[in-house]
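See structure below.
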Amino acid sequence: MNILELQPQDKSLAAIRDKVLHGERLTKEDGVALFQSNDLLTIGQLANYVNQQKNGDNVYFVQNMYINPTNVCEANCRFCAFRRDIDEEGAYTMSMDELLHYVEARFYPGIREFHIVGGHNQHQKFDYYLDTIRTLKKAYPDVAIKAYTGAEIEFFSRIAGISFREVIQELIKAGLDTMPGGGAEILTERYREKMSPEKASTDDWLRAHQTAHELGLKTHATMLYGSIETLEERVIHMLRVRELQDQTGGYMVFIPLAVQPMKASAGIKRRTSAFDDLKTMAISRLMLDNVQHMKAYFINIGTQLTQISLTMGASDVHGTLVEERISHAAGALTQAGLTVDDLVWLIQGAGKKALERDTFYNVIKEY
């Protein structure tokens, strides 16, 4: 079917369809209406249309490695099963030698990015977090360092007694190349007061990324959906990211993350539905008209839905990861990492062109 001939099953979406086809920006009311609709095929087709305009059939991935230097954390977020108190069983904080040993045991030559997040370990000084970057940059100078969320920037600012700008400047001096999108959860204070009251506020998280953009860093943005947030709060979250992107242009990609249920044994009612996962991906693509890429995160939604997402607005399937810990600590049932062959198979199986990229979406290889 020609997209111009698309007739929504849900007639209330006709006006939104017209806006999308004419390149008009969607409003908060439009976003809520999309979430309230069950016409997934129309929503998906519209998102696919927008993605085709931006990225054609190109789908990107990166060879990367996840590193979590510590799981000790001052915060007690209700959705997290990864964190530990310092004296709790399973708590760890890698020394620099342990960090290098961990990476050396898992590294292979194709890796182009280290993705570093961890607990807000108040028992370590800011120098520990700087040394983590310095150590890896010295040992692997050609690997991009993607490290520390907006929430971690706020934490570093507090423990070091310096401004967000000074924190990020010091991280850049140490070798930071970009920031991941975590710590955003849902960018409303009602949500944060209930789910992550000890972590950065909405304004803190946005200010951390704004400051990073002003200092020349390109960054990422996530949304952790599927717990207590309202549908309106999901849309508000997207709009807050969109507003900052209007100002700075610093976001490369948006990543909707399905919340995990804490235990792998949890039943399907405790997990986000496939319907919701696909709808959220598609609506993210429609609302965030100024962000180039939407990322389908196979760790949280599985490989099959990741593949289907490529026809519903996604243009990125993330990366090889090697060993993901945080979502798996909270009950993720998926693989902890994928091979390049796996990722290429997923992309090509959806009829798309697989492009290996670096951190900044420069193409390394076409498959």
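Given the structure is predicted, the values throughout are model-derived calculations rather than measurements. The figures here come from the full heavy-atom set of this structure, side chains too, leaving out hydrogens, waters and symmetry mates.
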Carboxylate-amine/guanidinium proximity below 4.0 Å for Arg112 and Asp358: no
Between Thr149 and Glu152, does any side-chain donor sit less than 3.5 Å from a side-chain acceptor? yes
Can you find a pair of side-chain heavy atoms, one from Asn68 and one from Phe82, that are under 4.5 Å apart? yes
Aromatic contact, His120 with Phe156 (centres under 6.0 Å): no
In a check of side chain to side chain donor-acceptor pair (under 3.5 Å) between Tyr225 and each of Asn300, Thr272, Asp277, which one passes? Asp277
Any non-hydrogen side-chain atom of Ser227 less than 4.5 Å from a side-chain atom of Met195? yes
Counting N and O atoms only, with roles assigned by atom type, does the side chain of Arg25 sit under 3.5 Å from a partner on the main chain of Asp289, one being a donor and the other an acceptor? no
Is there side-chain contact between Thr280 and Met223, with at least one heavy-atom pair below 4.5 Å? yes
Donor on one side chain, acceptor on other, Tyr66 and Thr320, under 3.5 Å: no
Should the pair Arg83-Glu74 be classified as a salt bridge under the 4.0 Å nitrogen-to-oxygen rule? no
Flag if over 12 foreign heavy atoms under 6.0 Å of CD, Gln304: no
Please list, chain by chain and in numerical order, all residues satisfying ring-ring contact (aromatic ring centres under 6.0 Å, His included) with Phe107, sequence neighbours excluded. Tyr140
Residues passing the side-chain contact (heavy atoms from CB on, under 4.5 Å) test with Ala160, sequence neighbours excluded, are Phe126, Ile162
Is a donor on one side and an acceptor on the other found under 3.5 Å between the side chain of Asp204 and the backbone of Gly150? no
Have Asn38 and Asp10 got a donor and an acceptor in their side chains that come within less than 3.5 Å? no
When you group the ILVMFWY residues by side-chain heavy-atom contacts below 4.5 Å and let the links chain together, are Val72 and Ile159 in the same group? no
Using 0.5 Å steps for rounding, measure from the NE2 atom of His209 to the CD atom of Gln245. 11.5 Å
Strictly below 4.0 Å, N to O, side chains only: are Lys352 and Asp57 in salt-bridge contact? yes
Presence of salt bridge, Lys125 and Asp131, under 4.0 angstrom: no
Using the side-chain hydrogen bond (donor to acceptor under 3.5 Å, both in side chains) rule, take Asp39 and Ser37 through it: C-alpha gap first, then chi angles, then the decisive distance, then the call. CA-CA 6 Å; Asp39 191 355; Ser37 174; 5.2 Å; no
Taking every non-hydrogen atom, the tightest pair across Ile255 and Val253: CD1-CG1, 4.1 Å
Can you list the residues that meet the side-chain hydrogen bond (donor to acceptor under 3.5 Å, both in side chains) rule with Glu113, with sequence neighbours excluded? Asn64, Lys146, Thr359
Please verify the inter-ring angle class for Tyr60 with Tyr361; under 30° counts as parallel, over 60° as perpendicular, anything in between as tilted. perpendicular
Who passes side-chain hydrogen bond (donor to acceptor under 3.5 Å, both in side chains) against Glu198, sequence neighbours left out? Asn76
Evaluate Arg84 against Glu89 for salt bridge (charged side-chain N to carboxylate O under 4.0 Å, His left out), listing each step before the verdict. CA-CA 8 Å; Arg84 297 288 187 275; Glu89 182 179 354; over 6 Å; no
Can you establish whether the number of heavy atoms outside Glu189 located under 6.0 Å from its atom CD is more than 12? yes
Under 6.0 Å between ring centres: does that hold for His213 and Tyr251? yes
Distance-minimising heavy-atom pair for Ala147 and Ile133: CB-CD1, 4.3 Å
Would you check if Ile283 and Lys279 make a side-chain contact, meaning some heavy-atom pair closer than 4.5 Å? yes
Validation row: Leu217, Thr178 side chains within 4.5 angstrom (heavy atoms): no
Please enumerate all residues that pass side-chain hydrogen bond (donor to acceptor under 3.5 Å, both in side chains) together with Lys137, with sequence neighbours excluded. Asp177
Should the pair Arg106 and Tyr102 be classed as cation-pi, given the thresholds of under 6.0 Å to the six-membered ring centre and 45° from the axis? yes
When you measure from the centre of the six-membered ring of Phe164, is the NZ or CZ of Arg207 closer than 6.0 Å and no more than 45° off the axis? yes
Gly319 and Phe298: which non-hydrogen atoms are nearest, and at how many Å? O-CE2, 3.2 Å
Answer yes or no: is there a side-chain heavy-atom contact under 4.5 Å between Val143 and Leu136? no
Electrostatic pair Lys173-Glu170, nearest N-O below 4.0 angstrom: yes
What heavy-atom pair brings Cys73 and Gln122 nearest, and what distance separates the two atoms? C-OE1, 4.0 Å
Under the side-chain hydrogen bond (donor to acceptor under 3.5 Å, both in side chains) criterion, do Asn121 and Thr70 qualify, and how do the steps go? CA-CA 7 Å; Asn121 187 342; Thr70 180; 3.2 Å; yes
Sorted by chain and residue number, the ring-ring contact (aromatic ring centres under 6.0 Å, His included) partners of Phe35 (sequence neighbours excluded) come out as none
Straight-line distance of Leu176 CG to Ile168 CD1, nearest 0.5 Å: 8.5 Å
Any side-chain donor paired with an acceptor under 3.5 Å for Ser163 and Glu166? yes
May I ask you to check whether Glu214 and Gln210 show a side-chain donor-acceptor distance below 3.5 Å? yes
Decide, yes or no, whether a salt bridge links Glu185 with Arg192 under the criterion of side-chain N to carboxylate O below 4.0 Å. no
Around atom NE2 of His123, are there more than 12 heavy atoms of other residues, nucleotides or ligands at under 6.0 Å? yes
Hydrophobic clustering (ILVMFWY, side-chain heavy atoms < 4.5 Å, transitive) - are Met312 and Leu21 grouped together? yes
With under 30° as parallel and over 60° as perpendicular, where do the rings of Trp205 and His237 fit, or are they tilted in between? tilted
For the pair Thr311 (side chain) and Ile308 (backbone), establish whether a donor and an acceptor sit closer than 3.5 Å, ignoring hydrogens and angles. yes
Phe155 ring centre to Arg158 NZ or CZ under 6.0 Å, with the angle to the axis within 45°? no
When you check the side-chain N and O atoms of Asp276 and Ser273, is any donor under 3.5 Å from an acceptor? no
Should we say atom NZ of Lys11 is surrounded by more than 12 heavy atoms from elsewhere, each under 6.0 Å from it? yes
Arg190 vs Glu229, test: salt bridge (charged side-chain N to carboxylate O under 4.0 Å, His left out). Steps then yes/no. CA-CA 9 Å; Arg190 185 200 74 86; Glu229 83 281 356; over 6 Å; no
Under 4.5 Å between side-chain heavy atoms, counting indirect links through other Ile/Leu/Val/Met/Phe/Trp/Tyr residues: same cluster for Ile236 and Met287 or not? no
What I'd like to find out is whether the side chain of Met65 reaches to under 4.5 Å of the side chain of Tyr108, using heavy atoms alone. no
Distance-only, no hydrogens or angles: does the Ser196 side chain make a donor-acceptor pair with backbone N or O of Lys199 under 3.5 Å? no
Minimum-distance pair of heavy atoms, taken over all atoms of Leu310 and Ala350: CD1-CB, 4.0 Å
If we only count heavy atoms from C-beta on, is the Met281 to Leu278 side-chain gap below 4.5 Å? no
Measure across Ala314 and Ala296 and return the closest heavy-atom pair with its distance rounded to 0.1 Å. CB-CB, 4.0 Å
